[in-house]
K.L.:
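Have a look at the structure that comes next, please.
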There are 2 protein chains.
Amino acid sequence: MRTRNQRTDRRTDALSKERIVDAAIEILDTDGESALTFRTLAARLATGSGAIYWHVADKNELLTAAANHIVARTLGASVNDADPREGIRAIALGVFNVIDIHPWVGTQLSREPWQTAMLQIFEGIGGRLRALGVPEQAQFDAASVLLNYILGVAGQNAANARLLPREVDRSAFLASIAARWTQHDPAEYPFVHQVAAQIPNHDDQEQFLAGINLILAGIESTR
Amino acid sequence: MRTRNQRTDRRTDALSKERIVDAAIEILDTDGESALTFRTLAARLATGSGAIYWHVADKNELLTAAANHIVARTLGASVNDADPREGIRAIALGVFNVIDIHPWVGTQLSREPWQTAMLQIFEGIGGRLRALGVPEQAQFDAASVLLNYILGVAGQNAANARLLPREVDRSAFLASIAARWTQHDPAEYPFVHQVAAQIPNHDDQEQFLAGINLILAGIESTR
DNA sequence: ATATTAATGGAACGTTGTTCCATAAGATCA
DNA sequence: TGATCTTATGGAACAACGTTCCATTAATAT
């Protein structure tokens, strides 16, 4: 009997979409978005780029699969179903935090529309809106605002992480942003100047949640 | 007197940042984001890429300048200051529509943080929130939700426009999205399935405005 | 007229995503 | 067991891109 057990004990170094996606995630996490190329990936997997293309259609599919993997894992964990409001906050915060750790996920979410990761977020939100008693007519709009707000913040945070040379002091980074803001004419940009003062001691995550709460308040007020 | 009048009657074909940005906008609008390269741009301006680099640092600066140009022109036009609520809606709708016409602006807004275009939107919103009577403490958070929601929608619409092969029938496009949604397991994605039915006769702009109204309601309810 | 600076345009460089293809490994069948 | 066919591999080659370099020209100042 030469036939090995189906798909079990093949060569241990066999390539697979899973191994490729895992390696891609490692590169993205440790060296950033720009470090992932088919050459670095092939080097890490000790193969050639042609072999990778046998398992993956193109770079876009690879990035989508990587982002889906991370988001699915995150959303699966954070389930709090006592209060639908809390459930929505937990989903939103989960996405926010996952992008804090893997900023490239934010880039991918805002670049590629209607991928599975987005639908998962959408479903999680929508189901809880129903539980909240939002009428069916209004559910689509309500879930859409929440999702787009989350995607907007995701994109911005990913973009910020892209410029941040890697672990630059956070307060120095905030200060440099505030400085850029105050360079504009105060007469033309009074609000920007007023807010620039609040930037240094400013908590991204707290402000993100405040946004979620404002939207939830809006959804519940228009019933 | 050989000296010509300062900066007036130079060679009529002289390059300038303005001419370069204008040409870039034309290419982006007529042939899409992927069509803008330093080669196509040089060809259109009948010059070489080196000459362009004398006026523009890199492609990022070029795109930022182009987006700022378009957004500034749009926001300058749509001023309605009878009601601050209407003013905010006008700004949001202005950005939405400008991205409908120039989708690449949406890509740029979500990719490059804290550029002038974003600050202009932020300032327009913030000033009107103040006029609305939102307490100063809450203005930052309130302006931030609105801005991030707008940016989220901007990014998604830009991404959609990128996939749309150019002027494909809109209803066919919506139908294909709904089809993709319903491919997922109905048991796992009940909300997505419910909403997929509403996609075909669905107005993007209307839903966008509904989102703005929900957020405004939330802002006004938590005072 | 001459020297200096500003601006030009096109060749060349290095990197990228992707394709191609000769070859090897695994499975199937005589 | 050996022959054949499919699956999978890895590295060379390609086209396109952003960017840099540099010899040359136009405009200005001396």
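Lettering of chains follows the sequences in order, A, B, ..., and the numbering in each one begins at 1.
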K.L.:
For Glu18(B), give me all partners under side chain to side chain donor-acceptor pair (under 3.5 Å), at least two apart in sequence or on another chain.
P.N.:
none
K.L.:
Among side-chain atoms of Glu112(A) and Asn60(A), is any donor-acceptor pair under 3.5 angstrom?
P.N.:
yes
K.L.:
Looking at five pairs on each end of the helix from dA1(C)-dT30(D) to dA30(C)-dT1(D), what is the angle between the two axes, given to 10 degrees?
P.N.:
10°
K.L.:
Quick check for you: among dC17(D), dT8(C), dG17(C), whose closest atom lies nearest to any side-chain atom of Thr37(B)?
P.N.:
dC17(D)
K.L.:
Could you tell me whether Trp181(A) and Phe122(B) have their ring centroids closer than 6.0 angstrom?
P.N.:
yes
K.L.:
Which residues pass the side-chain contact (heavy atoms from CB on, under 4.5 Å) test with Ala35(B), not counting sequence neighbours?
P.N.:
Ile27(B), Asp31(B)
K.L.:
Determine yes or no for a side-chain-to-main-chain donor-acceptor pair under 3.5 angstrom, with Arg180(A) supplying the side chain and Ser176(A) the backbone.
P.N.:
no
K.L.:
Write down the distance between CZ (Arg19(B)) and C1' (dT8(C)), rounded to a whole number of angstrom.
P.N.:
13 Å
K.L.:
Could you check if a side-chain atom of Ile20(A) sits within less than 4.5 angstrom of a side-chain atom of Leu62(A), using non-hydrogen atoms only?
P.N.:
yes
K.L.:
Near DNA chain C, which residues from residues 50-65 of chain B have a heavy atom under 4.0 Å away?
P.N.:
Gly50(B), Ala51(B), Trp54(B), His55(B)
K.L.:
Is any side-chain heavy atom of Leu36(A) closer than 4.5 Å to a side-chain heavy atom of Leu63(A)?
P.N.:
yes
K.L.:
Among residues at least two apart in sequence or on other chains, which ones pass side chain to side chain donor-acceptor pair (under 3.5 Å) with Arg89(B)?
P.N.:
Glu86(B), Asn213(B)
K.L.:
Go through residues 38-49 of chain A and report each residue with a non-hydrogen atom lying under 4.0 Å from DNA chain D, sorted by number.
P.N.:
Ala46(A), Thr47(A), Gly48(A), Ser49(A)
K.L.:
Should Lys17(A) and Glu61(A) count as an ion pair when the cut-off is N to O under 4.0 Å?
P.N.:
yes
K.L.:
Fit a plane to each ring of Phe208(B) and Tyr149(B), take the angle between them on a 0 to 90° scale, and name the class: parallel (under 30°), tilted (30 to 60°) or perpendicular (over 60°).
P.N.:
parallel
